[in-house]
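Take a look at the structure set out below.
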2 protein chains.
Amino acid sequence: MTLITTDFEQPTTDDYPTRKGTEPALLYRRDPAVWGTAADGPMSQEELDSFDTKGYYQAEALVTAEELAIYRAELDRLAGDEAIKRDERTIVERSSDEVRSIFEVHKISEVFAKLVRDPRVVGRARQILGSDVYVHQSRVNYKPGFGGGDFYWHSDFETWHAEDGMPRPRAVSLSLALTDNHPYNGCLMIMPGSHKTYVSCVGETPEGHYRDSLKKQEIGTPDPSSLTILADKHGIDMITGPAGTGLFFDCNCMHGSSGNISPYPRSNVFIVFNSVDNTCGEPFAAPSPRPTFVGARDFTPVI
Amino acid sequence: MTLITTDFEQPTTDDYPTRKGTEPALLYRRDPAVWGTAADGPMSQEELDSFDTKGYYQAEALVTAEELAIYRAELDRLAGDEAIKRDERTIVERSSDEVRSIFEVHKISEVFAKLVRDPRVVGRARQILGSDVYVHQSRVNYKPGFGGGDFYWHSDFETWHAEDGMPRPRAVSLSLALTDNHPYNGCLMIMPGSHKTYVSCVGETPEGHYRDSLKKQEIGTPDPSSLTILADKHGIDMITGPAGTGLFFDCNCMHGSSGNISPYPRSNVFIVFNSVDNTCGEPFAAPSPRPTFVGARDFTPVI
């Protein structure tokens, strides 16, 4: 069914060019956002349609209160492990040296490995992408209170295309809230419908760019005019909800988050599923692929 | 009716000590928040009661659309004036050199001088404070989009007491929205009811502290434990509303704002009215008073 090559050779034309020109551009997305149908389950046609329109879908109480308690305890355990803090897969806050994110957490923690394989999780990813899926990236984000930093507007796909060689936007992310998300603790903000437009960014990716970009995005940043057009057209949704809510969002959603001066952390588990028909090749706009803990090169499907 | 001295001599005991001890403390406020009655007008008793409970009150459409247009044009004019940009009363963004605030704007601009004298504005201030009032501080805030900085939690009164010698919390601020306030463009956040608790802060005020503190508050910052107690008790209100909304808030409200990555600026005019029965003396916790464009020493009532 897929029309694109999935080996390491790239097609000669790139439908999603970025970081190559000197002018930004708004391009139409050439691919669907939803590949499966309600018959594949567990999402209803209404939920799939809503995902198609807005680019995201919130599953209330995706996990139980008991499971939440387990994930939170695991979060604390990981943050308190000095060996993990020194691991290159762990990112610390610029200002405070506190743990901000731990990547490849489904390989570090059996608790989160199990979550990835959970039918409530991987089942939805398979349904949206209409194929088997593998984990392109996973991480836990701590987002502490009292001044946790912001994340500027970006499309994840722009980065994965440019730096990881992901051919097309056929990936979906799950952000599972481990704490309540309020408008005042740096919740995710999405421009609903923006996933149907691809913002081609200016600037070249320097070698080894990934480590800085995980703390603060600078290259691959959408220009102010494009952001204004998208925000005027689509508005901005604040993605709030209680702990246990699972947000599935398309890889090309324009999203970001404000800082968090509230006392309440905004922690989550973040898992990126990519279609096995969309495996990564050579980067489209970077000297070499990012490390595998940020962008996987093992395309083994989740079973 | 006032029980306190209002000359430059301070009472020997300080009901609102701060920046003197090594431990923070939560102290009960010793003064009312509302001094007038509905009979004084223009606010109803219900509005006054709500202000007393929450520490703030939003007047919808405090000014007309025509007036708004005039204020916005004046905002643009001031930002484009190179002499004003070089004036010590103008504060620029750390990162971008854009104008962030212009102080003493009611002396710089006749448009805003007239706003201060407007009965819709000064009438409410007189009613809340139960006396004639003077302008302790005025400014316009530009709060640009695309990354305007945050403002950490603070009580204005803590600063005015410590650094300007304001004896007691008998001052009220008006923040008149010149642009729409959304949850996503760095709107003000207030812990409703927090104005009845005074957070005594640790740390000493260095000489000339004011200029840094106008960009980013560091001394006089409430400690995390006190903020957690207040947030757990009172919650956090996002103060949103269309341009033209006038927010009156008590000088001891615990408030702050997130940064603004949205494309939409959050500009406002900010006017602090202090009771003529509460004029400033020597600072309670600083080597010398701040410059008069930040904390007035001319106590002439607004007529």
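Predicted model only: the values in this text are computed from it and were never measured. Every chain is numbered from 1, with letters handed out A, B, ... down the list of sequences.
Listed by sequence position, B:Ser257, B:Ser258, B:Gly259, B:Ile261, B:Ser262, B:Pro263, B:Tyr264 are the residues of residues 257-268 of chain B in contact with chain A, using a 4.5 angstrom heavy-atom cutoff. Within residues 171-190 of chain A, the residues having any heavy atom under 4.5 Å from a heavy atom of chain B are, by residue number, A:Pro183, A:Tyr184, A:Met189.
The number of heavy-atom neighbours closer than 6.0 Å to NZ of A:Lys233, taken from other residues, nucleotides and ligands shown, is 12 or below.
Rounded to the nearest 0.5 angstrom, B:Phe146 CZ and A:Trp153 CH2 are separated by 10.0 Å.
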